[in-house]
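First the structure, in the form of structure tokens, and then the observations on it.
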Amino acid sequence: QVQLVESGGGSVQAGGSLRLSCAASGRTFSREAMGWFRQAPGKEREFVAGISWSGYYTYYADSVKGRFAISRDTANNTMSLLMNSLKPEATAVYYCAASGRRFSSISTSAIDYDYWGQGTQVTVSS
């Protein structure tokens with residue numbers, strides 16, 4: 001059974017940093033794109049950042065560009081999201097996602113990801 005498990009969420013003051021991690025098991029994601037999404041209360045799930053299967057290419061939502069950094073460790077089947085200069089509007093549940101298709105491209109659409117974690121809460125206070 002494929003599982004994605006997020007960790008690293010928590011509460012932080014505006015301007016602070018958090019590092020989210022995603023650990024995959026049940027399948028090796030060495031040739032598939034992965035990404036992070038978030039969902040705030042009363043809002044739709046939105047794309048935050050994506051990384052290509054090679055790890056060479058990354059893509060960010062405009063709202064986080066320059067402050068967040070996505071990375072992956074294929075050998076350990078993990079992915080991370082370093083979030084700096086956090087703002088209160090970043091408060092949301094953050095989800096790790098992975099495509100099920102080999103050599104998949106980064107997508108900003110949730111429908112293109114086949115595996116999802118349970119989510120981890122990030123709360124940024126002003």
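Because the structure is a prediction, the values reported are computed rather than measured.
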Does Arg38 pair with Glu46 as a salt bridge, N-O distance under 4.0 Å?
yes

Please find the pair of heavy atoms, one from Pro88 and one from Ala14, that lie closest to each other, and give the distance.
CD-CB, 4.1 Å

Quick check: is Leu18 connected to Val64 through a chain of hydrophobic side chains (ILVMFWY, heavy atoms under 4.5 Å apart)?
yes

Rounded distance [0.5 Å steps], OG in Ser104 versus CG in Asp114:
8.5 Å

Would a single hydrophobic cluster contain both Ile106 and Phe68, if residues Ile, Leu, Val, Met, Phe, Trp and Tyr are joined by side-chain heavy-atom contacts under 4.5 Å?
no

Fit a plane to each ring of Tyr95 and Trp116, take the angle between them on a 0 to 90° scale, and name the class: parallel (under 30°), tilted (30 to 60°) or perpendicular (over 60°).
perpendicular

Mind running side chain to side chain contact (heavy atoms under 4.5 Å, CB included) on Ser17 and Met83 for me, showing each step along the way?
CA-CA 5 Å; Ser17 299; Met83 306 185 294; over 6 Å; no

Between Thr28 and Ser30, does the side-chain hydrogen bond (donor to acceptor under 3.5 Å, both in side chains) criterion hold? Intermediate values first, please.
CA-CA 6 Å; Thr28 299; Ser30 60; over 6 Å; no

Grab the two heavy atoms, one from Phe47 and one from Gly50, that are nearest each other, plus how far apart they are.
CZ-N, 3.3 Å

Checking Asp73, Thr78, Thr74 against Asn76 for side chain to side chain donor-acceptor pair (under 3.5 Å), the one that qualifies is Asp73

When clusters are formed by joining ILVMFWY residues with side-chain heavy atoms under 4.5 Å apart, either directly or through shared neighbours, do Ile51 and Tyr57 land in the same one?
no

Minimal heavy-atom distance between Val124 and Ala90, with the atoms involved, is CG2-CB, 4.2 Å

Within a strict 4.5 Å, meaning less than it, do heavy atoms of the Met79 and Ser71 side chains meet?
no

Grouping I, L, V, M, F, W and Y whenever their side-chain heavy atoms are under 4.5 Å apart, do Trp53 and Tyr113 come out in a common cluster?
no

To the nearest 0.5 Å, what is the distance between CG on Leu4 and CD on Gln118?
10.0 Å

Are Thr120 and Val93 side-chain neighbours, meaning at least one heavy-atom pair lies under 4.5 Å?
no

Taking the side chain as C-beta and beyond, is there a heavy-atom pair between Trp36 and Leu20 under 4.5 Å?
yes

Of all the heavy-atom pairs spanning Phe37 and Ser109, show the shortest one and how long it is.
CZ-C, 4.0 Å

Taking every heavy atom of Met34 against every heavy atom of Cys96, the minimum-distance pair comes out as CE-SG, 4.3 Å

Any chance you could measure Arg67, atom CZ, to Ser85, atom OG, to the nearest 0.5 Å?
6.5 Å

Distance check, rounded to the nearest 0.5 Å: Glu32 atom CD versus Tyr115 atom OH?
8.5 Å

Residue pair Ser21 / Glu6, side-chain heavy-atom distance below 4.5 Å
no

Going hydrophobic residue to hydrophobic residue with side-chain gaps under 4.5 angstrom, can you get from Leu82 over to Tyr60?
no

Side chain Asn77, main chain Arg27, donor-acceptor under 3.5 Å
yes

Contact summary for Gly35 and Ile70, nearest pair of heavy atoms
CA-CD1, 4.4 Å

